[in-house]
Trainee: 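Structure incoming, see below.
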Protein chains: 2
Amino acid sequence: MSRRQVFYDLLSELEQERRKDTDKLFDKLQENYGLRHQSYVNYSLAAGRQNALDLHHTFPEEFVKLYKEKDLHLTDPIAQSGLSGIKPVHWQKYRNEPSAKFLFSLASQFGITDRGLTIPLLCRGSQAAMYSINADVPQKDWFKYRTEYIGELQILATYLHSARQELAQEDETPELTARESEVLTWTAAGKSYWEISMILGISERTVRFFMTNTRNKMGVVTNSQAVAQGVWRGIIPL
Amino acid sequence: MSRRQVFYDLLSELEQERRKDTDKLFDKLQENYGLRHQSYVNYSLAAGRQNALDLHHTFPEEFVKLYKEKDLHLTDPIAQSGLSGIKPVHWQKYRNEPSAKFLFSLASQFGITDRGLTIPLLCRGSQAAMYSINADVPQKDWFKYRTEYIGELQILATYLHSARQELAQEDETPELTARESEVLTWTAAGKSYWEISMILGISERTVRFFMTNTRNKMGVVTNSQAVAQGVWRGIIPL
DNA sequence: AAGAATACTGTCGCAACCGACAGTACCCAC
DNA sequence: GTGGGTACTGTCGGTTGCGACAGTATTCTT
């Protein structure tokens, strides 16, 4: 069966919502798209809480372990572009970037080449996700490969993402109380504890109390970090 | 020139960021993908800028006027799915939906068929965007059409969207240097000045210097406020 | 040659943050 | 009626943020 035919079949299945089994879709992609490695990652929470991420990949375990240990997701320009941008990211664009130097050299030790592609995926509110592939093609065929496959890969990744989102339905967004989100919102607006206490007509100590609860619930350590999460999740109306 | 060749050329151009002219891309799509109509719409959901609606389309003006007048976007199940979902929406899925009954009958008066597709687009912050097409094909070819084109349409719509986002941001987004956004990002990740100085290998004073510049450029008074703006504007990769 | 923009560093000092120790009062569910 | 969640308040003391006073070095433009 040709790859094009595989794509047609997969698409028909996905459109009819008959496929909820993301593992099989992953395998189909692996088999039919000349992939060396692929990964789907969904950061439910921002930096600092790695336990709440949905990661599915075929990269060498040892590599992923090192990647996590060294917090490379914070410096990796590919991950950054993938999580903040809209367009697909060509790994080679960052080949000579100083911030990616270590990453590429580490990757090559595990047989990962720079013929890779990272597709940002659509998330509502609380998350950021991306799908990456490392193709098993020589450099000379790389342009043709990605031009040929990128459309199909993006649409399939979209469906993969959608399915995993549906599966992981349980909402991890911590519920802030009315007061907590109120105080968080004023903090995002640049007010100090004292100012907020005046605005809300409560004591400064109480404002602190709410912010402490907010930080704890969000699993963050500073107010700035809480604000980042709050804006990201749409808790804070700007 | 075959459509496939057109796609290849467009993709090469878009990947090299040579194309900022979204109108031309729109025209190319219109010409080469058998489209009757197409539309790109970006709703900015921010409280501050409620009237910011980026709409670009080839639908009959009279139809769009009626659509707006009757606030159909509030009942239109296709728009709803497009703005809240992840997967592409097939218009026909809602053909027999009561809430879409009026819409479809209105549309048909303007020569708009139900062979349409709406692709949700990725937005950061409180925005939502989608790209829709109405194909100029008979019902019998519709399945083949969308299976054949959906991948290409999604990827091209992604680039169209990205370009329009960039244009929209150039207006008001300041201007942070590499170091400034780097420091802002680490702040949003909950790091203290001292920690950031260790991470970046510069003095703590210099970290403060960059954050002070960032605050001044953004016109805000606290780091938390700067982080809120940064996340909102997509400066900060989470 | 002068000016502007960027990257960087130093010290003083107060305001603000934030953890850890306390509490009180209300409401709702089991 | 006891346990748990929310709303609130107080004090102590160390840490961090941040303004205001300083600078130097490099690069790019006019």
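Just so you know, these numbers use all the heavy atoms, side chains as well, and skip hydrogens, waters and symmetry mates. Order of the sequence lines fixes the chain letters, A, B, ..., with proteins taken first and strands second; residue numbering starts at 1 for each chain.
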Trainee: Find the distance B:Leu200:CG to C:dT9:P and express it as a whole number of Å.
Mentor: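 Rounded to whole Å, this separation is 10 Å.
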Trainee: If only side-chain N and O atoms of A:Tyr193 are considered, is one of them under 4.0 Å from the OP1 or OP2 phosphate oxygen of C:dA15?
Mentor: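 Answer no for this pair, as no side-chain N or O of A:Tyr193 is under 4.0 Å from OP1 or OP2.
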Trainee: Could you check how far CZ of B:Phe209 sits from P of D:dT24, rounded to whole Å?
Mentor: 15 Å
Trainee: Under 4.0 Å, heavy atoms only, any strand: does A:Asn213 hit a base, just the sugar-phosphate, or nothing?
Mentor: nothing
Trainee: Name the closest nucleotide to the A:Thr222 side chain, picking from C:dC18, C:dT6, C:dA16.
Mentor: C:dC18
Trainee: Any side-chain N or O of A:Thr177 below 4.0 angstrom from OP1/OP2 of D:dA7?
Mentor: yes
Trainee: Closer than 4.0 Å, any side-chain N/O of B:Thr212 to the OP1 or OP2 of D:dC18?
Mentor: no
Trainee: State, yes or no, whether a side-chain contact exists between B:Val207 and B:Lys191 at a heavy-atom distance under 4.5 Å.
Mentor: no
Trainee: Taking only the side-chain heavy atoms of B:Arg215 (C-beta and beyond), determine which of C:dC8, D:dC18, C:dC18 contains the nearest atom.
Mentor: D:dC18
Trainee: According to the interplanar angle, ranging from 0 to 90°, do the rings of A:Tyr145 and A:Trp142 count as parallel (below 30°), tilted (30 to 60°) or perpendicular (above 60°)?
Mentor: parallel
Trainee: Under 3.5 Å, is there any donor-acceptor pair linking the side chain of B:Arg208 to the base of D:dG19?
Mentor: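 Result: at least one qualifying N/O pair found.
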Trainee: Whole-Å distance between D:dG4 C1' and A:Lys217 NZ?
Mentor: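 About 13 Å, once rounded to whole Å.
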Trainee: Report the distance from atom CG of B:Leu176 to atom P of C:dA5, rounded to the nearest whole Å.
Mentor: 15 Å
Trainee: Can you tell which of A:Asn213, A:Thr214, A:Thr206, A:Leu200 makes a side chain to side chain contact (heavy atoms under 4.5 Å, CB included) with A:Val183?
Mentor: A:Leu200
Trainee: Over how many whole Å does the gap from A:Glu182 atom CD to D:dT6 atom C1' extend?
Mentor: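 So the two atoms are 14 Å apart, to the nearest Å.
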Trainee: Select one nucleotide: of D:dG17, C:dA16, D:dA7, the one nearest the side-chain heavy atoms of B:Ser192.
Mentor: D:dG17
Trainee: For A:Phe210 and D:dG5, what is the distance between atoms CZ and C1' respectively, to the nearest whole Å?
Mentor: 12 Å
Trainee: Is A:Glu182 salt-bridged to A:Arg179, cutoff N-O under 4.0 Å?
Mentor: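 Salt bridge between A:Glu182 and A:Arg179, a charged N being under 4.0 Å from a carboxylate O: yes.
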Trainee: Would you call the rings of A:Phe26 and A:His56 parallel, tilted or perpendicular, taking 30° and 60° as the class edges?
Mentor: parallel
Trainee: Could you state the CD-P distance from B:Gln225 to D:dC18, rounded to the nearest angstrom?
Mentor: 11 Å
Trainee: D:dG17, D:dT6, C:dC18: which one has an atom nearest the side-chain heavy atoms of A:Asn223?
Mentor: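 The nucleotide sitting nearest to the side chain is C:dC18.
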Trainee: Whole angstrom is fine here: how far is it from CD in A:Glu180 over to C1' in D:dG5?
Mentor: 11 Å
Trainee: Do the side chain of A:Arg205 and the base of D:dT11 come within less than 3.5 angstrom through a donor-acceptor pair of N or O atoms?
Mentor: yes
Trainee: Applying a 4.0 Å non-hydrogen cut-off, can you work out what A:Ser203 is touching in the nucleic acid: base, sugar-phosphate, or nothing?
Mentor: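 Contact class for A:Ser203: sugar-phosphate only.
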Trainee: Here's a test of your reading of the structure: between B:Glu204 and A:Val207, which maps to the more 5' nucleotide of DNA chain D?
Mentor: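 Nearest-nucleotide comparison on DNA chain D picks A:Val207.
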